[in-house]
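Notes to accompany the following structure.
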Amino acid sequence: MAATSRGTSPVPPDVRPRLTVLSGPSGVGKSTVVAHMRKVHPEVWLSVSATTRKPRPGERNGVHYFFVDDEEFDKLIANGELLEWAEFAGNRYGTPRRAVQERLEAGEPVLLEIDLQGARLVRQSMADAQLVFLAPPSWEELVRRLTGRGTEAPEVIERRLGAAKVELAAESEFDTTLVNTSVEDVARELLALMLEASGHRAGGE
Ligand SMILES: Nc1ncnc2c1ncn2[C@@H]1O[C@H](COP(=O)(O)OP(=O)(O)OP(=O)(O)O)[C@@H](O)[C@H]1O
Ligand SMILES: Nc1nc2c(ncn2[C@@H]2O[C@H](COP(=O)(O)O)[C@@H](O)[C@H]2O)c(=O)[nH]1
């Protein structure tokens, strides 16, 4: 699997980078926050997951996800190619191991945007990972965002909201919570956390 973005790390090579996990309920705005952060700081590397989910309109293979079928996903698991994987709302998602290892070995910070189950697995295998929870301003706003996105059928939305209740109840397992009221503010705070975890102060935008 090819890495899809390269760039200059904001962290000097003498500093040991840490892996940061961003989790939170479906529809809270994880992808929106990460996209904004990478627009401002294109050098921040985000792992591209493999998934058995079908692409949404506008999603591109190798950019948003590696879209694979069940058989290919089984092979990724069997060959030990996934750092972690989980089933979420009827589909499977996993983090390709090699690209993450290469980035960490190259001295670059790594960002994973994954679900609660994946965050727990990462914590088990990488004790120094930094876990960041993205919370909605309210339950009503979460429902509004997930529904308003218009990408899922009503029964899938119900399934994701069911998972959201479990994810919200697990907030205390995370090192830090950011409330997604403003995409710009949260993106800035997330970058600062990533840099602080690597022993550096964040610069301005
Ligand atoms: N701070 C915000 N204020 C208002 N709307 C927002 C905010 N952040 C994100 N949104 C909107 O909420 C919707 C869901 O956002 P997004 O797809 O980024 O969520 P997600 O957490 O990545 O979801 P999933 O886990 O299902 O992939 C989008 O329509 C997005 O534009
Ligand atoms: N455990 C993992 N979860 C992942 C991974 N990639 C994405 N996700 C999470 O899945 C849900 C649903 O995503 P969607 O794109 O279908 O809306 C969301 O919470 C993602 O963060 C992964 O590699 N591992």
Side-chain angles (χ1 to χ4, degrees), residues 1 4 19-39 46-68 72-73 76-77 81-100 110-126 129 131-153 156-168 170-171 174 178-190:
M1 250 173 222
T4 54
L19 180 144
T20 300
V21 169
L22 181 67
S23 286
S26 179
V28 71
K30 300 180 296 296
S31 303
T32 306
V33 164
V34 170
H36 181 78
M37 184 174 76
R38 296 184 75 226
K39 200 168 150 198
L46 171 73
S47 165
V48 178
S49 298
T51 183
T52 58
R53 171 168 76 63
K54 297 282 173 280
R56 295 178 185 137
E59 283 186 331
R60 285 188 288 142
N61 189 40
V63 176
H64 299 93
Y65 279 108
F66 293 105
F67 294 99
V68 298
E72 288 171 296
F73 202 95
L76 292 174
I77 297 171
E81 290 185 51
L82 299 179
L83 181 66
E84 61 73 36
W85 70 271
E87 183 164 339
F88 181 89
N91 294 298
R92 289 186 290 173
Y93 301 80
T95 303
R97 184 192 300 278
R98 195 193 305 161
V100 168
V110 160
L111 178 60
L112 308 185
E113 187 207 313
I114 61 176
D115 85 326
L116 170 65
Q117 305 166 79
R120 285 173 171 162
L121 290 168
V122 168
R123 167 124 301 161
Q124 278 170 25
S125 61
M126 304 173 91
L131 304 192
V132 179
F133 188 79
L134 192 61
S138 67
W139 175 258
E140 292 71 26
E141 176 62 12
L142 179 68
V143 175
R144 208 165 16 247
R145 286 182 192 175
L146 186 54
T147 311
R149 188 170 69 188
T151 50
E152 269 78 33
V156 178
I157 290 179
E158 281 312 309
R159 218 166 160 177
R160 285 175 178 244
L161 288 175
K165 288 186 180 139
V166 176
E167 303 210 86
L168 288 168
E171 182 189 328
F174 287 73
L178 300 176
V179 179
N180 183 15
T181 305
S182 152
V183 171
E184 293 76 14
D185 289 352
V186 173
R188 199 178 310 113
E189 286 163 24
L190 178 61

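Sequence positions, counted from 1, serve as the residue numbers for this chain. In each ligand, atom 1 is the first atom listed, and ligand 1 is the first ligand listed.
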At their closest point, which heavy atom of [X] faces which heavy atom of [Y], and how far apart are they?
X    : Y    : result
L142 : V28  : CD1-N, 3.5 Å
T181 : V186 : N-CG2, 4.5 Å
S47  : T95  : OG-CG2, 3.4 Å
E113 : K30  : OE2-CB, 3.6 Å
G24  : F133 : CA-CE1, 4.0 Å
P96  : S49  : CD-CA, 3.9 Å

So if I count the atoms of ligand 2 from 1 in the order they appear, which ones are less than 4.0 Å from some heavy atom of [X]?
X    : result
K30  : 19 (O), 21 (O)
A86  : 1 (N)
T95  : 23 (O)
G118 : 1 (N)

query: Does ligand 1 have an atom under 4.0 Å from some heavy atom of P25?
result: yes

- prompt: Hey, does G24 sit under 4.0 Å from ligand 1 if you only count heavy atoms?
  reply: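 No.
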
What is the distance from atom [atom1] of [X] to atom [atom2] of [Y], rounded to the nearest 0.5 Å?
X    : Y    : atom1 : atom2 : result
L131 : T20  : CG    : OG1   : 9.0 Å
F66  : R60  : CZ    : CZ    : 12.5 Å
L190 : D185 : CG    : CG    : 12.5 Å

- request: Dump the intermediate steps for side-chain contact (heavy atoms from CB on, under 4.5 Å) on L116 and F174, then the final yes or no.
  value: CA-CA 10 Å; L116 170 65; F174 287 73; 3.7 Å; yes

Provide the number and element of each atom of ligand 1 under 4.0 Å from a heavy atom of [X].
X    : answer
T181 : 1 (N)
K30  : 18 (O), 19 (O), 20 (P), 21 (O), 22 (O), 23 (O), 24 (P), 25 (O)
V183 : 1 (N), 2 (C), 7 (C), 8 (N)

task: Give yes if a backbone or side-chain nitrogen or oxygen of E141 is under 3.5 Å from a nitrogen or oxygen of ligand 1, and no if not.
output: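 In this structure, E141 places no N or O atom under 3.5 Å from an N or O of ligand 1.
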
- prompt: ligand 1 and L146, any nitrogen or oxygen pair closer than 3.5 angstrom?
  reply: no

message: As a quick check of understanding, evaluate side-chain contact (heavy atoms from CB on, under 4.5 Å) for R120 and E84, giving each step before the final call.
response: CA-CA 9 Å; R120 285 173 171 162; E84 61 73 36; over 6 Å; no

message: With a 3.5 Å distance limit and no angle check, can you tell me whether E141 reaches the backbone of S138 through a side-chain donor-acceptor pair?
response: no

Would [X] count as being in polar contact with ligand 2, using the rule that some N or O on each side must be under 3.5 angstrom apart?
X    : answer
Y93  : yes
E167 : no
R53  : yes
A50  : no
S26  : no
Q117 : no

At what distance is the nearest protein heavy atom to [atom], and which residue and atom is it?
atom                    : result
atom 1 (N) of ligand 1  : N180 OD1, 3.0 Å
atom 6 (N) of ligand 2  : S49 OG, 3.0 Å
atom 9 (C) of ligand 2  : D115 N, 3.7 Å
atom 24 (N) of ligand 2 : E84 OE2, 2.7 Å
atom 18 (O) of ligand 1 : T32 OG1, 2.5 Å

- request: Consider only side-chain N and O atoms of E167 and S23, and report whether a donor and an acceptor are under 3.5 Å apart.
  value: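 Short answer, no.
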
- prompt: Of the choices F88, Y65, F66, which has the non-hydrogen atom that lies closest to atom 13 (O) of ligand 2?
  reply: Y65

- prompt: For atom 7 (C) of ligand 1, which candidate among R160, E184, R145 holds the nearest heavy atom?
  reply: R145

- request: Could you label the plane-to-plane angle of the Y93 and Y65 rings as parallel, tilted or perpendicular, counting under 30° as parallel and over 60° as perpendicular?
  value: tilted

message: Heavy-atom distances under 4.0 Å decide this one: backbone, side chain, both or neither, for K54 against ligand 2?
response: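 For K54, there is no contact with ligand 2 at all, from either part.
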
message: So is H64 touching ligand 2 or not, going by heavy atoms under 4.0 Å?
response: no

- request: Decide whether the shortest distance between a heavy atom of R56 and an atom of ligand 2 is less than 4.0 Å.
  value: yes

- prompt: Stepwise, does the side-chain contact (heavy atoms from CB on, under 4.5 Å) test hold for F73 with T51?
  reply: CA-CA 7 Å; F73 202 95; T51 183; 5.6 Å; no

- request: Begin with the C-alpha distance, continue with both residues' side-chain angles, and end with the deciding distance and a verdict on side-chain contact (heavy atoms from CB on, under 4.5 Å) for I77 and W85.
  value: CA-CA 8 Å; I77 297 171; W85 70 271; 3.4 Å; yes

